[in-house]
There are 2 protein chains.
Amino acid sequence: MPHLMLKDLPRYECLLEAAREFPELDPTAAEAYLHLLRTADDVFALSESRLAAAGISQGRFGVLMLLSHCSGPRNGNASCATGPRTPAELADAAGVTRATMTGLIDTLERDGYVVREPDPSDRRMLLVRLTRKAENFLTRFLPIHFRGASEVMGALSDSERKTLVRLLGKIQHQLATLPPPAPTQKTA
Amino acid sequence: MPHLMLKDLPRYECLLEAAREFPELDPTAAEAYLHLLRTADDVFALSESRLAAAGISQGRFGVLMLLSHCSGPRNGNASCATGPRTPAELADAAGVTRATMTGLIDTLERDGYVVREPDPSDRRMLLVRLTRKAENFLTRFLPIHFRGASEVMGALSDSERKTLVRLLGKIQHQLATLPPPAPTQKTA
DNA sequence: CGAAAATCATTAGGAGGCTAACAGTCAGCC
DNA sequence: GGCTGACTGTTAGCCTCCTAATGATTTTCG
């Protein structure tokens, strides 16, 4: 659900002009910043529209993906081992709250994609399982999804992709070092 | 309000493994694709948390930004000329529906950041205007906002920023050439 | 002139986020 | 054996986004 606002990015001259008023505005930084958000938003929107055409939302699709690579036969591969099964594990893996995951599972269960089953060993817990319908959906849709990603990234060569990943990695690393924001003081 | 799901990106070996099952999955494309969405989501989340600390949401902030560079004195610069004034113009500029803009203006007006005024020349229309409170807010917050963007992009040198913008531009161009998705057929 | 079409902003209802509070269940520790 | 605390999933209420339908107004054109 992209909502970046600012559909049309300001042109570089506008950034330069704004920088005269705000010395904190670094034009090249702002340009890269806005392009990053804008491009990712467009990519996200395309993915979402494809999912919507298939009748599912990003959030729900994410849950199906998380469940898919654990409901199949266990592969011994340690790197891609058992996935989440309980609502709490799904929430942690997806990066949303448990309340949100409850809502997602509600709609997925209503639409017949998953079922909740009690955990025999701990009555507090539930186990979420994909239905046949969900497996059929994934079998049908995942090729479309992967092909879509390949098409988007088809604009870049292999070395360009590596460069992009490297630059994004630097940004990620920078994000990890930045302190969390404190509440803005009302009075100067 | 980022909700990318997939908090932890799959490792490259997992992509390779998945590619054995799905020939449509191009591992380097998927890697770049996921990193792009993930990084932008993190950047967006940081920005949102700073805005939340200042007591405003991304959507509302976007509206204030759109209104800010038009309510001031008219500069003759054609590149940064008059901004939107009516709810419909704001919705178009922001890339949201008019109904959504109505809701945003509702809360902004409730909180005293904007006022609605009737358009004297067309009684269907309204003019949205920033209040003194909103201008004070922007004066106080924009430096924080710009500094935040600079900090994030501080991870990259000037040439790296140029490279990033260039690669993102290629992706944007590719997006523009891709056809819009058709509804997924239920039957193969 | 007057009816049809277009455009305006809004409302209603749904989805997916969040926080906070809740009842049920398990584990530990006197 | 029975508290206490930690953990489970859920509920309730709020926010922002969407689509679709509505009423009011302007514009267009026969």
Side-chain angles (χ1 to χ4, degrees), chain A residues 1-7 41 44-45 47-49 51-53 55-64 84-111 113-129, chain B residues 1-7 41 44-45 47-49 51-53 55-64 84-92 94-111 113-128:
Chain A
M1 185 189 308
H3 39 253
L4 213 212
M5 294 274 155
L6 294 175
K7 200 181 54 175
D41 201 55
F44 190 80
S47 164
E48 186 163 61
S49 71
L51 284 162
I56 201 167
S57 73
Q58 284 278 358
R60 292 202 274 233
F61 177 66
V63 176
L64 295 188
R85 284 186 156 1
T86 71
E89 287 168 353
L90 286 169
D92 289 346
V96 301
T97 63
R98 297 180 183 185
T100 297
M101 188 52 64
T102 294
L104 288 171
I105 296 172
D106 279 348
T107 59
L108 283 171
E109 188 167 34
R110 182 201 61 192
D111 294 348
Y113 287 109
V114 305
V115 289
R116 288 174 164 105
E117 296 171 346
D119 184 323
S121 68
D122 188 336
R123 272 183 295 178
R124 290 174 300 183
M125 288 196 267
L126 296 177
L127 296 180
V128 182
R129 200 170 49 76
Chain B
M1 185 188 305
H3 39 252
L4 213 211
M5 294 275 156
L6 294 175
K7 201 182 56 175
D41 200 55
F44 190 81
S47 164
E48 185 163 62
S49 72
L51 284 162
I56 202 166
S57 73
Q58 284 278 0
R60 291 203 277 234
F61 177 67
V63 176
L64 295 187
R85 287 187 154 359
T86 72
E89 287 169 353
L90 287 168
D92 288 346
V96 300
T97 64
R98 296 180 182 185
T100 297
M101 188 52 63
T102 294
L104 289 171
I105 296 172
D106 277 348
T107 58
L108 284 171
E109 188 167 35
R110 182 200 61 193
D111 294 348
Y113 287 109
V114 305
V115 290
R116 287 175 165 107
E117 295 171 345
D119 184 322
S121 67
D122 187 336
R123 271 184 294 179
R124 290 175 301 183
M125 288 195 269
L126 296 178
L127 296 179
V128 183

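Each chain gets a letter, A, B and so on, in the order the sequences are listed, and its residues count up from 1.
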* **Side chain of B:S57 (C-beta onward), nearest among D:dT16, D:dC15, D:dC18** => D:dT16
* State which of C:dA15, D:dC17, C:dC18 makes the closest approach to the side chain of B:V96. =>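 Per side-chain heavy atoms of B:V96, the pick is D:dC17.
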Quick one: [X] [atom1] to [N] [atom2], roughly how many Å, whole number?
| X | N | atom1 | atom2 | answer |
| --- | --- | --- | --- | --- |
| B:F44 | C:dG17 | CZ | P | 13 Å |
| A:D92 | D:dT8 | CG | C1' | 12 Å |
| B:Q58 | C:dG17 | CD | C1' | 14 Å |
| A:R85 | D:dG9 | CZ | P | 14 Å |
| B:I56 | D:dC15 | CD1 | C1' | 13 Å |
| A:F61 | C:dG17 | CZ | P | 14 Å |
| A:D119 | D:dT8 | CG | P | 12 Å |
| B:R60 | D:dC14 | CZ | P | 15 Å |

How many angstroms lie between [atom1] in [X] and [atom2] in [Y], if you round to the nearest 0.5 Å?
| X | Y | atom1 | atom2 | value |
| --- | --- | --- | --- | --- |
| A:Q58 | A:L104 | CD | CG | 12.0 Å |
| B:L108 | B:M101 | CG | CE | 9.0 Å |
| A:T86 | A:L126 | OG1 | CG | 8.5 Å |
| B:L51 | B:I56 | CG | CD1 | 7.0 Å |
| A:T100 | A:D106 | OG1 | CG | 11.5 Å |
| A:E109 | A:R129 | CD | CZ | 11.0 Å |

* Could you please spell out the steps behind the side-chain contact (heavy atoms from CB on, under 4.5 Å) verdict for A:L90 and A:V96? => CA-CA 9 Å; A:L90 286 169; A:V96 301; over 6 Å; no
* To do: Verify the contact: side-chain N or O of B:T107 to OP1 or OP2 of D:dC15, cut-off strictly under 4.0 Å; return yes or no.
  =>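 Checking D:dC15 against B:T107, no side-chain N or O comes under 4.0 Å of OP1 or OP2.
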* Asked: Reading nucleotides 5-11 of chain C from the 5' end, what letters show protein touch, with B for base, S for backbone sugar-phosphate only, - for no heavy atom under 4.0 Å?
  -> --BSSBB
